[in-house]
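Given the structure is predicted, the values throughout are model-derived calculations rather than measurements.
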Amino acid sequence: NDSSNTRVEKIKKLKARVLKQIEIDTINAETPQDMIYRIYLRLNSSLHYDVPANVAKFLDAVNSGDELSFTQSRQLLIMYMRLRKDNS
């Protein structure tokens with residue numbers, strides 16, 4: 001029905017906008033901790049969504065810098081968001 005399709009389209013547009021904002025936040029972050037902070041704030045304020053617990057290993061790797069460089073973590077995050085957006 002039309003109202004259901006309209007709702008789905010609104011959700012898709014909101015998701016695309018939030019993902020784009022997270023990408024911008026990721027690119028503009030100055031430190032790994034700043035990137036994590038910005039993403040958490042964006043998810044929480046835009047979608048009222050907490051970062052899932054299964055992301056903890058990635059966040060620990062980003063924060064420590066031992067397994068991933070800051071550049072690598074930004075590139076991986078942006079790539080993942082783009083893949084998720086294209087497959088949703």
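Put simply, CG on L68 and CG on L76 are 6.0 Å apart, with the number rounded to the nearest 0.5 Å. A distance of 15.5 Å separates NZ in K15 from NZ in K20, rounded to the nearest 0.5 Å. Taken from CD in Q75 to CZ in F70, the straight-line distance is 11.0 Å, to the nearest 0.5 Å. From L43, atom CG reaches atom CG of L19 across 8.5 Å, with rounding to the nearest 0.5 Å. Separating the CE atom in M35 from the CD1 atom in I27 is a distance of 11.5 Å, to the nearest 0.5 Å. One distance of note links CG of N28 with CZ of R74; it measures 9.0 Å at 0.5 Å rounding.
Contact check for R38 versus T26: no side-chain heavy atoms found under the 4.5 Å cut-off. Annotation: side chain of M79 is in contact with side chain of L83 (closest heavy-atom distance under 4.5 Å). Residues N5 and E9 form no side-chain contact, since every pair of their non-hydrogen atoms from C-beta on lies 4.5 Å or further apart. Residues D25 and L41 fail the side-chain proximity criterion, which asks for heavy atoms closer than 4.5 Å.
The cluster map of Ile, Leu, Val, Met, Phe, Trp and Tyr, joined by side-chain heavy atoms under 4.5 Å apart, puts V55 and I22 in the same cluster.
Closest non-hydrogen pair, S69 versus Q72, comes out as N-OE1, 2.8 Å. Across all non-hydrogen atoms, the minimal contact from V62 to S73 is CG2-CB, 3.4 Å.
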